[in-house]
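To keep things clear, I will list the structure first and then write my remarks on it.
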Protein chains: 2
Amino acid sequence: MAKPTRARLPTSEPLKMAPELEELIGYNLKRAYVVVQKDYRAALGDGGLSPRTFAALSLAVAYPNLTQSNLARMLGIERSGLVAIIDELERDGLLKRTTVPGDRRVQALVPLEAGIAAHRATLAKVKAHEDKLLEDLSDVEKETLIFLLRKIRRHETES
Amino acid sequence: MAKPTRARLPTSEPLKMAPELEELIGYNLKRAYVVVQKDYRAALGDGGLSPRTFAALSLAVAYPNLTQSNLARMLGIERSGLVAIIDELERDGLLKRTTVPGDRRVQALVPLEAGIAAHRATLAKVKAHEDKLLEDLSDVEKETLIFLLRKIRRHETES
DNA sequence: TATTGTTATACTCTATAACTATA
DNA sequence: TATAGTTATAGAGTATAACAATA
């Protein structure tokens, strides 16, 4: 049976980390992601688009008449999970589902003027939040980080 | 009203990305995190410890007699959320809650032999999964990535 | 008054499976 | 048979608020 070998860490003591955990890419990725995500929410507030809704809108604006299935693929999520996101965007008047002549199964996504404006405005806020949060990273460091993250993203499942 | 300006993206066409999305750190962080997290689960299987449970065990092993409140702080989660994680670890015989003489409020976490062994075995599996998944990153690139992620992590809320 | 562990509760994000209407 | 959109459902993961015991 394992015996306690050290005294309990008092609350006042500065927080230590598990050394082997700190060397793992996955752990650092998760923790860093939480930092950025929390700051995003704080910066955009309650009325703002959530990260995933903003991502969906960005792609819908960049590729008008996109299919929901294609958008889900681009986002790396299931078709079923996209429904609520599109519901929200349509409810807010940012885009609309339209039927496509020639294939009555699909619902093409058409960005509306309000959606294009919301996208532009939100993008500016997101950029401002990242610039502020990451101001202690140089431009080269930010480029390097994105380059390395994209290298990991090459393993995204293509399904 | 916005008019469709391009033809619908056919399923066969290679997936495009929204350029401005691809330049955001947060978006790339999220997508890369999903890649690593999915590969972790695939590598460790159904019986394996989840990332958060492994992280909790790692810290409990590194700091015997740790308090639940301190552990929650280290993990960056709420005390309440840690309860289920410790329940799981205790149920699996990997650690035990023990009362501390001098403060009967706290439940010190004592790693058991099985817990130390499970930690060692899981760490080996996690390292193997990361080495395999990230084999296209050089050692310098991996070090750089961890360095940059830690720079972001400096903004972790100290609560 | 403040803190520790706990419970209850709810919300976000995501996945799986099954359905319908089309193709 | 296969695909697009949808619904129902469930499971992580996390947060907030409150509580009892203790400091």
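Protein chains get the first letters and strands the later ones, always in sequence-line order, with residue 1 at the start of each.
- Rounded to a whole Å, the OH atom of B/Tyr33 is 14 Å from the P atom of D/dA12.
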* Would you sort out whether A/Lys151 and A/Phe147 count as a side chain to side chain contact (heavy atoms under 4.5 Å, CB included), showing the intermediate values? => CA-CA 6 Å; A/Lys151 240 176 145 167; A/Phe147 170 78; 4.1 Å; yes
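- In this entry the distance linking CD of B/Gln68 with P of C/dT7 reads 10 Å, nearest Å.
- Rounded to an integer number of Å, the gap from CG of B/Asp46 to C1' of D/dG11 is 13 Å.
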* To do: Quick one, give me the B/S/- string for nucleotides 13-23 of chain D, reading 5' to 3', where B means a protein heavy atom under 4.0 Å from the base and S means that only happens at the primed atoms, P, OP1 or OP2.
  => SBSBB---BBS
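- One atom, CG of B/Asn65, and another, P of C/dT4, lie 16 Å apart when rounded to the nearest Å.
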* To do: Kindly determine whether B/Gln107 and B/Thr99 satisfy side-chain hydrogen bond (donor to acceptor under 3.5 Å, both in side chains), including the steps that lead there.
  => CA-CA 5 Å; B/Gln107 296 272 75; B/Thr99 55; 5.8 Å; no
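- Applying the 4.0 Å criterion to OP1 and OP2 of D/dT3, one finds that A/Ser69 has every side-chain N and O outside that range.
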* After noting the C-alpha distance and the side-chain angles of B/Arg31 and A/Leu149, does the key distance pass the side chain to side chain contact (heavy atoms under 4.5 Å, CB included) rule? -> CA-CA 8 Å; B/Arg31 298 292 299 249; A/Leu149 294 174; over 6 Å; no
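- Computed from coordinates, the A/Leu71 CG to D/dT6 P distance equals 12 Å when rounded to whole Å.
- Remark: A/Glu113 does not engage A/Arg120 in a salt bridge, criterion side-chain N to carboxylate O under 4.0 Å.
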* Should A/Leu145 and A/Leu134 be marked as a side chain to side chain contact (heavy atoms under 4.5 Å, CB included) after you check the CA-CA gap, both sets of side-chain angles, and the distance that decides it? -> CA-CA 11 Å; A/Leu145 178 55; A/Leu134 307 175; 5.8 Å; no
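- If you check D/dA4, D/dT6, C/dT4 against the side chain of A/Arg73, the one that comes closest is D/dA4.
- End-to-end axis angle of the helix from C/dT1-D/dA23 to C/dA23-D/dT1, using five pairs per end and rounding to 10°, comes to 10°.
- The aromatic rings of B/Tyr40 and B/His129 lie perpendicular to each other, with more than 60° between the two planes, well past the 30° mark.
- Taking atom CG of residue A/Leu109 and atom C1' of nucleotide D/dG5, one finds them 11 Å apart after rounding to whole Å.
- A donor-acceptor contact shorter than 3.5 Å is absent between the side chain of A/Arg41 and the backbone of A/Asp46.
- A straight line from CZ of B/Arg31 to C1' of C/dT14 spans 14 Å, rounded to a whole angstrom.
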* Asked: Taking it one step at a time, do A/Arg153 and B/Tyr27 satisfy side chain to side chain contact (heavy atoms under 4.5 Å, CB included)?
  -> CA-CA 11 Å; A/Arg153 289 185 56 198; B/Tyr27 186 73; 4.1 Å; yes
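- The main-chain N or O of A/Glu141 is found under 3.5 Å from a side-chain atom of A/Ser138 such that the two form a donor-acceptor pair.
- If you take CG of A/Asp87 and P of D/dT6, they are 7 Å apart, rounded to a whole angstrom.
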